[in-house]
Amino acid sequence: MSHYPIFADLNRRPVLLVGAGHVAERKAESLIQAGAQVRVAAAALSPRFETWRQQNRIEWLGISFQTAFLDGVFLVIAATDDAALNRSVFEAAEARGIFCNTVDTLDLCSFIVPAVIDRSPIKIAVSSGGTAPVLARYWRQAIETLVPLHTGTMAEIAGEWRSRVKKAVRTMPERRRFWENLFASRFSTFVAQGNRAAAEAELSARLANLDTPRGEVVLVGAGPGDAGLLTIHALQAIQAADVVLYDALVSDEILAMVRKDADKISVGKRAGAHHVQQEATNRLLVQYAQEGKRVVRLKGGDPFVFGRGGEEAQVLAEAGIPYRIVPGITAALGATAYAGIPLTHRDCAQSALFITGHSRHDGSEPDWRTLALSHQTLVVYMGTLKAADIAAKLIEYGRSADTPVAVVSNGTLAHQSVQTGRLKDLPHMAAHAPRPALMVIGEVVALREELRWFADSEPALEMAQIHAA
């Protein structure tokens with residue numbers, strides 16, 4: 001290890017910054033946020049520096065660097081485009097035993113500035129020792145996705161309760177387990193929701209009942225399949241879960257991101273195949289949460305778009321189980337984007353409707369007259385088995401039989417395939433479509449050939465091929 005990692009307290013300490021251009025602005029901003037008394041040595045100020053000067057957030061020394069400017073300063077940063085001047089600043093600081101950092105010049109640095117994940121008061125620093133700062137920033141960005149935005153608030157609350165916890169939990173190992181269990185519990189959920197009172201009530205209850213586990217459920221949208229479309233909150237939830245109940249539409253790539261020691265339980269639903277009944281899934285959610293476990297209900301797409309997330313949330317609320325919702329990219333957005341089909345376009349579609357191909361329980365019919373209007377996009381989930389009925393009804397109520405349509409199978413995945421044709425051909429297309437598949441009906445489909453950007457695993461089936469089959 002070539003550098004000793006250290007966090008410096010710059011609050012109310014004088015720091016000399018040599019330079020007042022765009023590079024220096026980045027350094028000044030961080031110094032100001034740290035509470036430093038920033039003294040700027042430069043012949044002229046950039047507009048942003050001038051704003052800071054008018055706000056009394058910096059002190060402008062009026063001229064370029066002089067050795068006397070080092071008197072009484074805690075740190076020095078050289079951030080000019082004059083290599084000779086930067087060297088002079090470094091050598092003068094070295095002579096006085098003052099730490100100096102010269103931007104992008106490792107051999108003129110007695111300290112380096114790491115890439116930082118800031119969740120104040122929690123801060124995580126990543127450094128390459130000055131050898132590969134871009135690589136350090138790359139890993140800072142990767143790590144940042146794993147650190148929830150509310151981490152800082154959790155740390156603030158923990159700091160306020162630290163002495164009380166120390167008094168109630170006597171030994172160091174027991175305190176460590178207490179904090180670890182707390183941060184992985186619904187305490188974190190309450191903080192994420194902005195409900196500080198409930199979070200502190202949870203902390204207090206855990207202190208009063210140290211052996212009583214408390215669980216929670218997170219309803220997570222896994223998106224349409226591509227693991228890269230997971231949200232940060234979704235990734236954090238599945239990596240913190242003790243139990244994950246997942247649907248058949250959740251891709252293997254996403255399941256691979258679940259914490260290795262978590263229990264993974266398939267409760268998948270897919271048309272025409274055996275699946276766990278919704279009531280059984282509801283019971284499992286409540287059961288595992290009541291056992292004190294962190295439960296994730298992982299759904300393809302978005303929990304609240306044809307995902308029965310609303311029903312599950314109602315069950316959890318009735319049982320008094322804390323829960324939160326992590327939205328996902330629904331298939332109508334993800335699959336069409338990867339197919340190069342915009343849902344709306346000023347020239348041909350001013351609205352988009354999402355419907356399910358499943359019949360209603362009471363046998364009532366959808367408003368076909370509205371669904372058949374032109375210049376709108378109709379996206380049908382779970383509709384391939386009903387494609388013939390859907391196409392017939394739309395044509396009956398006025399939609400042209402030549403309306404462009406697409407069937408997108410395995411949308412956003414490497415083996416995605418897209419068929420395009422006309423509304424009158426939809427039954428044949430759906431019959432030949434790998435599942436899961438999404439049907440898109442509307443003039444926007446005609447834009448696919450112009451806008452397609454994602455390579456399908458196999459050429460889209462042409463209607464001639466379909467009829468030949």
Side-chain angles (χ1 to χ4, degrees), residues 1-11 34-35 111 114-127 129 136 139-140 142-218 232-233 235-244 257-263 288-296 321-322 324:
M1 183 172 66
S2 61
H3 288 77
Y4 184 77
I6 189 171
F7 286 91
D9 180 5
L10 300 184
N11 189 40
F111 78 95
V116 175
I117 297 103
D118 188 354
R119 300 288 187 269
S120 295
I122 298 293
K123 290 191 175 183
I124 303 170
V126 182
S127 174
W139 281 109
R140 189 265 297 168
I143 295 170
E144 187 151 25
T145 65
L146 304 178
V147 185
L149 295 175
H150 63 277
T151 298
T153 305
M154 288 201 297
E156 289 176 3
I157 296 173
E160 294 171 4
W161 282 74
R162 187 175 179 184
S163 61
R164 279 173 280 184
V165 171
K166 188 174 182 179
K167 183 177 180 180
V169 186
R170 294 294 182 178
T171 70
M172 179 70 75
E174 289 175 336
R175 285 198 297 273
R176 184 177 64 250
R177 284 194 294 272
F178 174 84
W179 287 117
E180 287 175 348
N181 291 335
L182 178 75
F183 295 145
S185 74
R186 63 181 184 173
F187 167 81
S188 175
T189 298
F190 290 136
V191 177
Q193 293 171 341
N195 193 343
R196 186 165 181 145
E200 296 200 50
E202 175 70 14
L203 200 165
S204 179
R206 281 177 170 267
L207 271 182
N209 302 278
L210 292 174
D211 297 326
T212 304
R214 296 169 179 266
E216 65 159 349
V217 175
V218 189
I232 293 173
H233 284 177
L235 180 61
Q236 291 167 347
I238 65 176
Q239 293 188 337
D242 300 311
V243 180
V244 176
M257 294 182 174
V258 174
R259 204 179 78 197
K260 301 304 180 186
D261 58 341
D263 293 328
Y288 285 122
Q290 289 178 336
E291 291 174 1
K293 295 181 178 179
R294 294 164 292 180
V295 184
V296 161
I321 303 295
R324 58 191 170 102

Taking atom [atom1] of [X] and atom [atom2] of [Y], what is their separation to the nearest 0.5 Å?
X: S120; Y: E156; atom1: OG; atom2: CD; result: 8.5 Å
X: D242; Y: R294; atom1: CG; atom2: CZ; result: 4.0 Å
X: R164; Y: L203; atom1: CZ; atom2: CG; result: 8.0 Å
X: R175; Y: M172; atom1: CZ; atom2: CE; result: 5.0 Å
X: T145; Y: I232; atom1: OG1; atom2: CD1; result: 6.0 Å
X: R324; Y: N195; atom1: CZ; atom2: CG; result: 13.5 Å

Does atom CH2 (W139) have a neighbourhood of more than 12 heavy atoms from anything else shown, all under 6.0 Å?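 No, not enclosed.
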
Evaluate whether atom CZ of R162 has more than 12 neighbouring non-hydrogen atoms of other residues, nucleotides or ligands under 6.0 angstrom away.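 No, not enclosed.
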
Do [X] and [Y] have side chains that approach each other closer than 4.5 Å (heavy atoms only, starting at C-beta)?
X: N181; Y: R206; result: yes
X: V126; Y: I117; result: yes
X: I124; Y: V116; result: no
X: V218; Y: V295; result: no
X: V217; Y: Y288; result: no

On a heavy-atom basis, which atom in P121 and which in G152 lie closest, and how many Å separate them?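 Distance-wise, the nearest heavy atoms are CD-O, 3.3 Å.
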
For a quick test of reading the model, state the closest non-hydrogen atom pair linking A237 to V296 and the distance between them.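 Heavy-atom minimum between the residues: O-CG2, 3.5 Å.
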
side-chain contact (heavy atoms from CB on, under 4.5 Å) evaluation trace for L235 with M257: CA-CA 8 Å; L235 180 61; M257 294 182 174; 3.9 Å; yes

Any side-chain to backbone donor/acceptor pair from S185 onto L182? Under 3.5 Å, distance only.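 Between the backbone of L182 and the side chain of S185 there is a qualifying donor-acceptor contact (under 3.5 Å).
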
Audit row: Q239, L146, side-chain contact (heavy atoms from CB on, under 4.5 Å) steps and yes/no: CA-CA 9 Å; Q239 293 188 337; L146 304 178; 3.4 Å; yes

Candidate pair S188 and H150, rule side-chain hydrogen bond (donor to acceptor under 3.5 Å, both in side chains), full reasoning: CA-CA 8 Å; S188 175; H150 63 277; 2.9 Å; yes

Under a 4.0 Å N-O cut-off, is there an ion pair linking E174 with R170?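 Salt bridge: no.
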
Candidate pair W161 and E200, rule side-chain contact (heavy atoms from CB on, under 4.5 Å), full reasoning: CA-CA 9 Å; W161 282 74; E200 296 200 50; 2.7 Å; yes

Walk me through it: do R196 and E202 pass the test salt bridge (Lys or Arg N to Asp or Glu O under 4.0 Å)? CA-CA 10 Å; R196 186 165 181 145; E202 175 70 14; over 6 Å; no

Relative to the ring of F187, is the ring of F183 parallel (under 30°), tilted (30 to 60°) or perpendicular (over 60°)?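 Because their plane-to-plane angle lies in the 30° to 60° range, the rings of F183 and F187 count as tilted.
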
